[in-house]
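Structure first, commentary second.
A quick note: this is a predicted structure, and the numbers were derived from the prediction, not measured. Counting starts at 1 for both ligands and their atoms, in listed order. The first residue of the sequence shown is numbered 1, and numbering continues consecutively from there.
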Amino acid sequence: MKLILMGPPGAGKGTQGDRLAARFSIPRLSTGDMLREARKAGSPRGREAQRYMDAGELVPDDVILGLVEEALATPAAAKGFLFDGFPRTMTQADGLSALLDSRSSELDAVVTLDVPDEELVARISGRRVCGACGHITHVIEIGDDTGCAVCGGPLIQRSDDSEATVRRRLDVYREQTEPLLEYYARSPIGLTVVDGTGSVDEITEALLAVLADTADEVHG
Ligand code: AMP
């Protein structure tokens with residue numbers, strides 16, 4: 001199963017992407033996670049990326065396409081993958097298409113989560129991430145807890161989840177990434193829009209329902 005999960009920041013791509021990846025036994029390839037890893041490791045690529053990320057701007061396409069090329073070449077991604085947060089520009093979409101062509105591979109589905117702006121800002125500014133295992137949660141769910149429900153690790157706010165940066169990230173999404181929805185909608189594979197509001201379980205069910213036919217075709 002080769003999927004792209006699209007949607008604005010805060011739409012639930014990480015949470016739902018994890019669930020879909022587990023369901024289809026494929027890796028979730030999040031360019032945001034790859035950049036945060038590079039940043040943590042203190043690599044030159046990570047340091048360069050940091051200033052863009054902290055400003056809510058996009059990291060240059062060549063950096064992103066380099067990361068994606070490496071990820072696609074790993075054995076884990078041989079049978080399938082789910083992209084989360086990639087592609088974000090037309091250049092990245094073209095780059096992905098060239099990378100897949102060169103591997104005689106093609107996408108099975110492009111799905112986007114649809115969530116209104118007001119809800120996105122509330123979701124992201126309340127988002128907390130476990131510094132140890134990466135589990136994503138929200139202040140509404142955790143109350144006064146400071147530890148991760150999964151592993152007990154420390155819950156932290158991502159440095160680019162502040163309200164001002166979130167608003168910039170939404171503008172960048174509208175300007176540079178939203179046009180890709182039209183691009184995929186017009187492509188032979190098409191675009192599937194899923195309502196990204198409701199409970200986490202309801203959204204997972206809606207995603208699995210729209211992907212059921214594709215999964216049958218892929219797995220036979
Ligand atoms: P995310 O975790 O997907 O919300 O990404 C966090 C930040 O990483 C974004 O605001 C960008 O600065 C950067 N980033 C992640 N993926 C991409 C991408 N495909 N293209 C450019 N920048 C990216």
Side-chain angles (χ1 to χ4, degrees), residues 3-18 20-21 27-41 43-72 77 81-100 107 110-113 115 117 119-131 133-138 155-181 183-184 196:
L3 298 176
I4 299 179
L5 184 57
M6 302 208 44
K13 300 188 296 296
T15 302
Q16 297 298 337
D18 267 345
L20 295 182
R28 176 174 70 95
L29 303 181
S30 152
T31 43
D33 283 354
M34 294 175 205
L35 292 167
R36 281 184 286 278
E37 285 298 316
R39 213 166 61 173
K40 234 191 209 166
S43 72
R45 194 149 67 175
R47 280 200 299 274
E48 193 205 338
Q50 174 143 23
R51 36 191 197 98
Y52 294 98
M53 296 171 81
D54 286 346
E57 302 294 336
L58 294 185
V59 172
D61 290 328
D62 55 335
V63 175
I64 300 293
L65 285 167
L67 289 170
V68 167
E69 185 168 10
E70 281 169 25
L72 282 179
F81 47 76
L82 177 148
F83 278 119
D84 156 5
F86 171 85
R88 264 172 151 105
T89 65
M90 212 46 230
T91 305
Q92 292 179 20
D94 286 340
L96 173 62
S97 161
L99 280 172
L100 293 176
L107 293 168
V110 182
V111 184
T112 187
L113 289 170
V115 179
D117 271 14
E119 188 165 336
L120 294 172
V121 176
R123 280 191 194 182
I124 307 184
S125 38
R127 176 159 67 184
R128 297 293 179 270
V129 184
C130 173
C133 76
H135 176 68
I136 304 163
T137 184
H138 194 278
L155 293 174
I156 47 182
Q157 183 172 35
R158 266 172 51 173
S159 57
D160 58 346
D161 276 352
S162 67
E163 188 164 335
T165 311
V166 169
R167 294 205 181 273
R168 178 62 197 147
R169 285 163 65 200
L170 284 173
D171 286 346
V172 167
Y173 172 80
R174 301 282 172 231
E175 286 159 19
Q176 304 199 49
T177 308
E178 208 168 48
L180 294 183
L181 300 184
Y183 164 81
Y184 283 116

Does Arg174 come within less than 4.0 Å of Asp171, counting only side-chain N to carboxylate O?
-> no
For ligand 1, is there an N or O atom under 3.5 Å from any N or O atom of Arg158?
-> yes
Hey, is Asp161 close enough to Arg169 for a salt bridge, meaning N to O under 4.0 Å?
-> yes
Ligand 1 versus Leu58: contacting region, heavy-atom distance under 4.0 Å = both
Before signing off on this row, confirm whether Arg36 and ligand 1 have an N or O atom pair separated by under 3.5 Å.
-> yes
Who's closest to atom 5 (O) of ligand 1 heavy-atom-wise, of Met53, Glu57, Arg169, Arg88?
-> Arg88
Sub-4.0 Å heavy-atom approach of Lys13 to ligand 1 = no
Main-chain N/O of Arg88 paired with Gln92 side-chain donor or acceptor, under 3.5 Å = yes
Heavy-atom nearest neighbour in the protein, as seen from atom 14 (N) of ligand 1, with distance rounded to 0.1 Å | Leu35 CD1, 3.5 Å
Kindly say whether Val121 contributes a backbone atom to a donor-acceptor pair with the side chain of Glu163 at under 3.5 angstrom?
-> no
Looking only at distances, please establish whether an N/O atom of ligand 1 is found under 3.5 Å from an N/O atom of Gly85.
-> yes
Heavy-atom distances under 4.0 Å are what count here, so tell me which part of Arg39 touches ligand 1: side chain, backbone, both or neither.
-> neither
Look only at the side chain of Lys13 and the backbone of Thr112, and say whether a donor-acceptor pair between them is shorter than 3.5 Å.
-> no
Chi angles and distances behind the side chain to side chain contact (heavy atoms under 4.5 Å, CB included) call for Leu29, Leu67 | CA-CA 10 Å; Leu29 303 181; Leu67 289 170; over 6 Å; no
When you check the side-chain N and O atoms of Thr165 and Asp160, is any donor under 3.5 Å from an acceptor?
-> no
Within-cut-off N or O pair, Phe86 and ligand 1, under 3.5 Å | no
How about Glu69: does its CD atom have over 12 heavy atoms from other parts shown lying under 6.0 Å from it?
-> no
Contact check, Met34 vs ligand 1, heavy-atom distance below 4.0 Å = no
At what distance is the nearest protein heavy atom to atom 16 (N) of ligand 1, and which residue and atom is it?
-> Thr31 OG1, 2.8 Å
Does Arg123 use its side chain to pair, donor to acceptor, with the backbone of Ala11 at less than 3.5 Å?
-> yes
Which ligand 1 atoms does Asp160 reach within 4.0 Å, using its non-hydrogen atoms?
-> 6 (C), 7 (C)
Which ligand 1 atoms, with their elements, are less than 4.0 angstrom from a heavy-atom of Gln92?
-> 18 (C), 19 (N), 20 (N), 21 (C)
Identity and distance of the protein heavy atom lying nearest atom 22 (N) of ligand 1 = Val59 N, 3.0 Å
What atoms of ligand 1 come within less than 4.0 Å of a heavy atom belonging to Gly32?
-> 2 (O), 5 (O), 15 (C), 16 (N)
Between Leu180 and Ala93, which heavy-atom pair has the shortest distance, and what is it?
-> CD2-CB, 3.9 Å
